[in-house]
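Below: one structure, written as structure tokens.
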Amino acid sequence: MTETAPDLSRLRGGAPPRNHDARTIAALTSNPGCARRGVMDAAAVDKDAVARALGFPAPFGQSQFAITRGNAFEAQVKADGCAELLALLRDRLGLTVPEVAYDDLESVAGNDARELRHSRTRRLVAQALESGDGTLFDHPLLRLEIAGHPAYLEPDVLAFQLAGRLHVIEIKSFAVVDGQAEPEQVAAAARQSAVYVLALRRLVADLGHDPARVSHDVFLVCPENFSNRPTATPLDVRPQLAVLERQLARLVRVDDILAELPADLSFEPGEELAASVRAVEARYAPDCMSGCEMALFCRDEARACGRTGALGRSVRDDLGGVDTIGAALALADGSLPPSDDLAETAEQLRAAARLRAEALGGKLGGVA
């Protein structure tokens, strides 16, 4: 545990920490410069609860029907020590999968404390790597460093060892019809699976083994043709792994952010919640709407302040250090003298303003 742990616990107020999952980590890496999300996720703050308390509930989420269907399909695939899954890997993919040992790591003797589960996961993975025997793990509890702070990752995933290499198996309830699945759903599954692969590789490396013993080939298990019959497809997540590692390395450091924040800051619901959230700088972009529970609040804030990020990430990046729409317009019409570092941006804005004026003038003149 790092020295920031007491500060991060304080940020949650009296609320328990919320576990990360692959979706939240994949979403976090899509906006690595957002200090607000970096702090809230590192502190395991329940962002959905905070957003609801602020009056801006998250605009996304699975339906109860989809959750129930997904749980039922997963239970079917994992029943009897994953007998159906192993048969699927042998018959559909032609893998030479021997009899394997099955370990359910969801609890330790009925105790689901995270430290116990992580310790048992670490111990069993170490034994499997040393012996090389075929071993299958259900619900391993891993840790992954997020913005300088170790965060627990509780994957709803299986990992099995074949020919000395660990493989991740991702179980999803979306259908594969005639060998094809919805591309966006497959892409999301690949990003989430890459998180699991990276976390397992970090654990394997920490145990003194080659992280390449965790394969980049993931097996995606889905219902076939809208039935309950599962099918399995290999999925190479090397591109997603490369992006994930690069983005995690760019994440803002929580220690640096905390040093600039008030010592009594807390995200506990109450009259000061909105002010506490605004005390941590956000980096809003429309892309946030699909992956961050705080998106509606941050969008409202960005619009009220005239932030350039509200126009899209590409616009904000093109404008460089120009943070507000008002400043951009002032630079464009020459009413705001640019600093040396904004001279080139200001010239581009003035050129764009001239082109716009010419285009509008020509159109109006033609109509007249």
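Note that the coordinates shown come from a computational prediction; the quantities given were computed from them, not determined experimentally. We use all heavy atoms of the structure for the numbers below, so side chains are in, but hydrogens, waters and symmetry mates are not.
For Gln76 (side chain) and Asn228 (main-chain N/O), a donor-acceptor pair under 3.5 Å exists by modelled atom type. Using a distance-only test at 3.5 Å, with no hydrogens or angles considered, no donor-acceptor pair links the side chain of Ser107 to the main chain of Ala109. In this structure a side-chain-to-backbone donor-acceptor pair under 3.5 Å is missing from Arg36 to Arg283. A donor-acceptor pair is defined here as one N or O able to donate and one able to accept, closer than 3.5 Å; such a pair exists between the side chain of Arg69 and the backbone of Ser173. Within the 3.5 Å criterion, the main-chain N or O of Asp178 finds a donor-acceptor partner in the side chain of Asn225. Between the side chain of Arg201 and the main chain of Val214, a donor-acceptor pair closer than 3.5 Å is present.
No side-chain heavy atom of Asp217 sits under 4.5 Å from any side-chain heavy atom of Arg165.
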>> Could you walk me through whether Glu154 and Arg114 satisfy the salt bridge (Lys or Arg N to Asp or Glu O under 4.0 Å) test, starting with their C-alpha distance in whole Å, then the side-chain angles of each, then the deciding distance to 0.1 Å, before giving a yes or no?
In response: CA-CA 9 Å; Glu154 187 173 357; Arg114 295 186 302 176; over 6 Å; no
>> Set out, in order, the CA-CA distance, both residues' side-chain angles and the distance that settles salt bridge (Lys or Arg N to Asp or Glu O under 4.0 Å) for Glu115 and Arg143, then state yes or no.
In response: CA-CA 10 Å; Glu115 283 294 343; Arg143 284 197 303 214; 3.4 Å; yes
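When all heavy atoms of Leu11 and Leu265 are compared, the pair lying nearest together is CD2-O, 3.4 Å.
By the ring-ring contact (aromatic ring centres under 6.0 Å, His included) test, His167 is found to be paired with Phe160, Phe219, residues two or more places apart in sequence or in another chain being considered.
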Please output the side-chain donor-acceptor pairs of residues 190-199 that fall under 3.5 Å, not counting sequence neighbours, one pair per line with the distance.
unit_1, atom_1, unit_2, atom_2, d
Gln192, OE1, Lys172, NZ, 2.8
Ser193, OG, Ala189, O, 2.8

